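Below is one structure, written out as structure tokens; the observations come after it.
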Amino acid sequence: MIDREGRVIFGSLLLVVLSLAGSIAVERQFGVAIWDRPLLAFLLFAGVAVAVPQLYLAATDDTEARFRSRVRFAAVATATLAIVFAADADGGRHLVIALLGTGSIVALVCYEVVADYRTPSDDSVTGVP
């Protein structure tokens, strides 16, 4: 039996495969390929395949450590995929993809700062200045 995490990740990958199959049908029918649209391809791979399932699992997870590791993975994977897809884009699309990747890292840094600020340090718990 596949656990919940496996079902979520498998479902997102199945959705990506079905989207790619649909894009092949659209390409053959209308001549418009998903690879000609790097922003759409980035949103499909970084969003549907990586970020959405990881953030969903993070939101439904009950431990703080797993939540933080899933958020980290989603942010770093999104930034990495942004680098890959921005290389093929031109003009404004390049800028939008780069901003999405940079924004994921900036959001991760902000989240880590706030999370560490809210976590009590060992010195304040023991009363040692």
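For the numbers below, each heavy atom of this structure counts, side chains included, while hydrogens, waters and symmetry mates do not. Just so you know, these numbers come straight off a predicted model, no measurement behind them.
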field: Where at least one partner belongs to residues 14-37, residue pairs that pass side chain to side chain donor-acceptor pair (under 3.5 Å), sequence neighbours excluded
entry: none
I need the minimum non-hydrogen distance between [X] and [Y], along with the two atoms involved.
| X | Y | answer |
| --- | --- | --- |
| P38 | R93 | CD-CD, 4.4 Å |
| A49 | V16 | CB-CG2, 3.6 Å |
| A82 | G101 | CB-CA, 3.6 Å |
| A51 | T78 | CB-OG1, 4.0 Å |
| P53 | G47 | CD-O, 4.1 Å |
| V48 | S12 | O-CB, 3.3 Å |

So if you build clusters from Ile, Leu, Val, Met, Phe, Trp, Tyr with side-chain heavy-atom gaps below 4.5 Å, do [X] and [Y] land together?
| X | Y | value |
| --- | --- | --- |
| V71 | V76 | yes |
| V8 | L13 | yes |
| L57 | V50 | no |
| F67 | F73 | no |
| L81 | L55 | no |

message: With rounding to the nearest 0.5 angstrom, report the CD1 to CG distance, I97 to D88.
response: 8.5 Å
- prompt: For the atom pair CG (D3) and CD1 (I9), what is the distance rounded to the nearest 0.5 Å?
  reply: 8.5 Å
I'd like to check [X] versus [Y] (side-chain heavy atoms, cut-off strictly below 4.5 Å). Are they in contact?
| X | Y | answer |
| --- | --- | --- |
| L20 | F45 | yes |
| Q54 | E5 | no |
| I34 | I24 | no |
| L44 | L40 | no |

query: Which of these passes side chain to side chain contact (heavy atoms under 4.5 Å, CB included) with V106: L108, T102, V109?
result: T102
query: Among pairs that include at least one residue of residues 94-117, which meet salt bridge (charged side-chain N to carboxylate O under 4.0 Å, His left out), considering only residues two or more places apart or in two chains?
result: R68-E112, R68-D116, R72-E112
message: Counting neighbours of CZ on F10 that are heavy atoms of other residues, nucleotides or ligands and sit closer than 6.0 Å, is the number greater than 12?
response: no
- prompt: For R4, does the CZ atom sit with more than 12 other heavy atoms under 6.0 Å from it, leaving out its own atoms?
  reply: yes
query: Can you check whether A58's main-chain N or O pairs, donor with acceptor, with R66's side chain at less than 3.5 Å?
result: no
